[in-house]
Amino acid sequence: MSSSDATPGAVDIAAILEALPHRYPFLMVDRIIDMRGDESAVGIKNVTFNEPQFVGHFPANPVFPGVLLIEGMAQTAGAICVLSQMGGDQPKRVYFLTIDKAKFRKPVVPGDTVEYHVRKIARKKNMWWYRGEAKVAGLLVAEAEVGAMVA
């Protein structure tokens with residue numbers, strides 16, 4: 001899917017890298033599927049044992065940090081904000097504004113595939129708010145509302 005399409009589709013890592021400033025080890029989204037403009041999308045993160053956070057986050061019993069699950073939701077939301085607005089000549093930047101109603105339900109461990117389901121709640125000019133749910137194998141593992149601004 002090209003970044004200017006508003007039809008349901010998917011974007012690969014190349015398009016995500018174009019939309020977001022994040023890079024390894026802080027990029028928390030590997031691809032985006034079911035993108036519907038800036039309305040909703042599902043970000044995919046494959047959790048692997050060789051990620052740097054597992055060196056210090058419970059090394060004997062590795063658990064993916066909850067704050068990084070929220071970051072993955074925010075990155076998915078930010079990417080679809082930027083991708084839905086691309087088409088102009090100047091690159092856009094997305095900034096995290098708010099986190100509300102964050103809850104953590106189940107631990108995420110290496111080998112899990114996290115799906116970040118984000119759905120637009122509101123938009124005002126260059127600011128968006130999304131409801132995010134992180135799921136593993138269809139089970140809710142974390143949720144939050146996040147806000148983003150494109151500049």
Side-chain angles (χ1 to χ4, degrees), residues 1-57 62-104 108-136 141-151:
M1 176 178 145
S2 75
S3 57
S4 62
D5 271 341
T7 57
V11 294
D12 61 13
I13 191 67
I16 294 168
L17 290 170
E18 184 179 336
L20 296 177
H22 306 82
R23 297 296 181 263
Y24 178 85
F26 210 68
L27 186 62
M28 297 294 133
V29 183
D30 297 321
R31 73 179 185 273
I32 298 174
I33 60 171
D34 297 332
M35 184 175 152
R36 300 177 192 284
D38 71 343
E39 291 295 321
S40 65
V42 178
I44 305 293
K45 166 70 176 149
N46 295 304
V47 179
T48 62
F49 182 73
N50 62 348
E51 294 179 51
Q53 61 269 19
F54 294 124
V55 172
H57 200 254
V63 175
F64 194 76
V67 69
L68 296 182
L69 292 171
I70 302 298
E71 178 66 24
M73 290 178 216
Q75 287 181 14
T76 300
I80 67 173
C81 290
V82 171
L83 290 167
S84 70
Q85 300 297 305
M86 289 180 91
D89 292 332
Q90 58 193 53
K92 298 192 171 39
R93 290 280 187 218
V94 63
Y95 298 99
F96 205 171
L97 289 177
T98 62
I99 306 169
D100 293 303
K101 302 178 184 174
K103 295 181 183 167
F104 304 98
V108 173
V109 297
D112 285 344
T113 297
V114 180
E115 294 182 354
Y116 302 115
H117 296 256
V118 298
R119 178 183 41 82
K120 185 169 71 175
I121 299 170
R123 178 180 179 191
K124 186 174 184 178
K125 296 185 181 182
N126 64 335
M127 296 177 287
W128 284 260
W129 290 268
Y130 286 86
R131 167 97 181 126
E133 293 183 341
K135 297 180 179 183
V136 172
V141 297
E143 59 189 299
E145 292 180 1
V146 296
M149 177 178 74
V150 174

Non-hydrogen atoms of [X] and [Y] that approach each other most closely:
| X | Y | value |
| --- | --- | --- |
| Ala142 | Phe104 | CB-CD2, 3.9 Å |
| Leu20 | Ala79 | CD2-N, 3.8 Å |
| Val109 | Val47 | O-CG1, 3.7 Å |
| Pro52 | Pro25 | CG-CB, 3.5 Å |
| Val29 | Gly72 | CG2-O, 3.7 Å |
| Phe96 | Gly147 | CD2-O, 3.5 Å |

Problem set entry | More than 12 heavy atoms from other groups under 6.0 Å of OH on Tyr24 |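 Above 12, so yes.
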
Supply the atom-to-atom distance [X] [atom1] to [Y] [atom2], rounded to the nearest 0.5 angstrom.
| X | Y | atom1 | atom2 | answer |
| --- | --- | --- | --- | --- |
| Gln75 | Lys45 | CD | NZ | 9.5 Å |
| Arg31 | Asn46 | CZ | CG | 6.5 Å |
| Glu51 | His57 | CD | NE2 | 13.0 Å |
| Met127 | Thr98 | CE | OG1 | 10.0 Å |
| Tyr116 | Ile33 | OH | CD1 | 13.5 Å |
| Leu83 | Met35 | CG | CE | 4.5 Å |

Exercise. Can you check side-chain contact (heavy atoms from CB on, under 4.5 Å) on Trp129 and Glu145, steps first, answer last?
Worked result: CA-CA 7 Å; Trp129 290 268; Glu145 292 180 1; over 6 Å; no

Problem set entry | Contacts of type salt bridge (Lys or Arg N to Asp or Glu O under 4.0 Å), residue Lys125, not counting sequence neighbours |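 Partners of Lys125 under the salt bridge (Lys or Arg N to Asp or Glu O under 4.0 Å) test: none.
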
Problem set entry | Under the salt bridge (Lys or Arg N to Asp or Glu O under 4.0 Å) test, residues paired with Glu115 that sit two or more places apart |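 Scan of Glu115 (salt bridge (Lys or Arg N to Asp or Glu O under 4.0 Å), adjacent residues dropped) gives none.
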
For this session: Return yes if some donor-acceptor pair links the side-chain N/O of Asp12 with the main-chain N/O of Ala14 below 3.5 Å, else return no.
Result: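 It does hold such a pair.
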
Exercise. Under the 3.5 angstrom rule, does the side chain of His117 hit a backbone N or O of Glu133 as a donor-acceptor pair?
Worked result: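 No, because the side chain of His117 does not come within donor-acceptor range (under 3.5 Å) of the backbone of Glu133.
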
Problem set entry | Which residues share a side chain to side chain contact (heavy atoms under 4.5 Å, CB included) with Asp38, sequence neighbours left out |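 With sequence neighbours excluded, Asp38 shows a side chain to side chain contact (heavy atoms under 4.5 Å, CB included) to Ser84, Lys120, Arg123, Trp128, Tyr130, given in chain and number order.
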
Exercise. Parallel, tilted or perpendicular: which fits the ring planes of Phe54 and Phe49, with parallel below 30° and perpendicular above 60°?
Worked result: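 Ring orientation, 0 to 90° scale: parallel.
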
Problem set entry | salt bridge (charged side-chain N to carboxylate O under 4.0 Å, His left out) partner of Glu143, chosen from Lys101, Lys135, Arg131 |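 Single salt bridge (charged side-chain N to carboxylate O under 4.0 Å, His left out) partner of Glu143 among Lys101, Lys135, Arg131: Arg131.
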
Exercise. Any side-chain heavy-atom pair from Leu17 and Leu27 closer than 4.5 angstrom?
Worked result: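 A side-chain contact exists here, since the closest heavy-atom pair is under 4.5 Å.
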
Exercise. Is there side-chain contact between Glu39 and Ile80, with heavy atoms separated by less than 4.5 Å?
Worked result: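 The answer is no, as the side chains (C-beta and beyond) never meet within the 4.5 Å cut-off.
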
